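Please read these numbers as outputs of a predicted model, since none were measured by experiment. Heads up: numbering here begins at 1 and tracks the sequence.
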Amino acid sequence: MLSAEYPPNMVGGLGKHVESLSLALAALGIEVVLVTPRDRGGVPEEHPADNLTVYRIEISPGRTGSLLSDTKAMNDELMQAAIEIVARTGSVTLIHAHDWLVASVAVGLKYLWRTPLLVTIHATERGRYQGELPSELSREINKIEAGLIDEAWRVIVTSYFMAHELVAFFGVSNDKLDVVPNAVTTSPYDNLRREDLVDFRRQFAADDESIVFYVGRVVYEKGLQVLVAAAPQILTYVPKAKFVIAGRGPMADELRLQAERLGIGQRFYFTGYIADEDRDKLFVVSDVATFPSIYEPFGIVALEAMAARVPVVVSAVGGLTEVVENHVTGILAVPNNPDSLAWAVVHTLSRPDWSAARVENAYRRVCEQFNWQRVAEQKTGIYERIAEECKTNTWCQGGAEEESHE
């Protein structure tokens, strides 16, 4: 398993996905060797569970500040480390890589070991910019994504929205794609009770204020500018709403300024980075969690809110429409539409009886459909299929040419 993110090195949801997947696979008896950069601490070698070993590789200093150059240097060091690890521990039967940031090491190891490469694409550069590639950097990332997908034996995506995106953007055959959803666990919230968290909640809002909560990266594609634009309408009907924005990103200052210009800056609390423990507590003490994304390949944070039994309001975009069923497990708002978002939030806060019914439906859906054991079983089936196909493939046996797997 190759990933640029793994706890405690977390940027978005990728690191949590890889961690949870690796643990679930290990629990099924799959031996997982995970190689990742050691960017934000963590021990160099860790055994979080039977059948799972995590190697965090120290990346040499002297980065250039160029994303592409630094990523290439990281890949070179991850590749050297992976070669040494496998030389000590034995051969591997499959390489599973996550997103373009580990493309070079993934493809290099594929040819070095003549081992099938499985790729999970969590998001695309073109998708982030609504089908456009606005810069040379974006165009280069898109090329790397295309090359990685082309080199893969099979490609996993987390939503049918992403499957359509890969077909449209890269011409991937549907026969090469597997759709396996994300998952969450309810365990972080099982022992948290709102009535026990009164003092914690008071750090963010008064007892008579309703918390409208967002957590995630503070970037354009997450649609927080839409939430700020919707806030005056929400406050018209719910004057004591408090908007708690947890996370960090380049749009934070711009959003603060937007709120100040609207005269509602005091109704927003930008927490910056928060620890997972505090994030979990904030879910439990919030009155609605909203994710008004412009682009969202899946939306695992919506699942986390559903697992925490908080009402959810999301934009009807991308994979979010496959996670949230409108007026059954949450409310879908029109994307990039402050009026629609405001209506959905106000409706959720003003009808707690209906919201409570959606919360219970959502929690049940998470437990039954979006759990890691089910996801790991689906991934194991894909692994076994590739291993079986490899037995009769000339390239796997050392032949000169690779056969098409599309």
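For F291, the ring pair (Phe, Tyr, Trp, His ring centres under 6.0 Å) test picks out Y214, with sequence neighbours left out. Looking at residues two or more places apart in sequence or on another chain, you find a side-chain contact (heavy atoms from CB on, under 4.5 Å) between E384 and T380. Scored by the salt bridge (Lys or Arg N to Asp or Glu O under 4.0 Å) test, E209 finds R267 as partners (sequence neighbours excluded). Qualifying salt bridge (Lys or Arg N to Asp or Glu O under 4.0 Å) partners for E368, counting only residues two or more places apart in sequence or in other chains: none. With sequence neighbours excluded, no residue forms a salt bridge (Lys or Arg N to Asp or Glu O under 4.0 Å) with R364.
Ionic pairing of R256 and E260 is not present here: no N-O contact between side-chain nitrogen and carboxylate oxygen is shorter than 4.0 angstrom. The pair R374-E377 fails the salt-bridge criterion, with no side-chain N (NZ, NE, NH1 or NH2) lying under 4.0 Å from an Asp/Glu carboxylate O. Using a 4.0 Å cut-off between charged nitrogen and carboxylate oxygen, K143 and E140 count as a salt-bridge pair.
Within a 6.0 Å sphere centred on CD of E46, heavy atoms belonging to other residues, nucleotides or ligands number more than 12.
Using modelled atom types, one finds no donor on one side chain facing an acceptor on the other under 3.5 Å when comparing E254 with Q258. A donor and an acceptor atom, one from each side chain of E389 and W153, are located under 3.5 Å apart. In the model, E84 has no side-chain atom that pairs as donor or acceptor with a side-chain atom of Y55 under 3.5 Å.
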Assess the residue pair W100 and H122 against the criterion (ring pair (Phe, Tyr, Trp, His ring centres under 6.0 Å)); give the C-alpha distance rounded to whole Å, side-chain angles, the decisive distance to 0.1 Å, and a yes or no.
CA-CA 9 Å; W100 74 272; H122 296 264; over 10 Å; no
Begin with the C-alpha distance, continue with both residues' side-chain angles, and end with the deciding distance and a verdict on side-chain contact (heavy atoms from CB on, under 4.5 Å) for E296 and V323.
CA-CA 11 Å; E296 193 64 69; V323 172; over 6 Å; no
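When all heavy atoms of Y383 and L118 are compared, the pair lying nearest together is CE2-CD2, 3.3 Å. Shown here for L101 and T71, the closest heavy-atom pair between the two residues is O-CG2, 3.5 Å.
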Less than 3.5 Å apart, which donor and acceptor atoms pair up between the side chains of residues 302-312 and the rest of the protein, not counting sequence neighbours?
residue : atom : partner : partner atom : Å
R309    : NE   : E360    : OE2          : 3.4

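Under the 4.5 Å side-chain criterion, counting only non-hydrogen atoms from C-beta, D278 is not in contact with Q203.
The only option from K379, R154, H96 that meets the side chain to side chain donor-acceptor pair (under 3.5 Å) definition with T120 turns out to be H96.
Taken to the nearest 0.5 Å, the CZ atom of R201 stands 7.0 Å off from the CG atom of D207.
Ring geometry for F204 versus Y269: interplanar angle of 30 to 60°, hence tilted. Classified by interplanar angle (parallel below 30°, tilted 30° to 60°, perpendicular above 60°), the ring pair F243/F268 is parallel.
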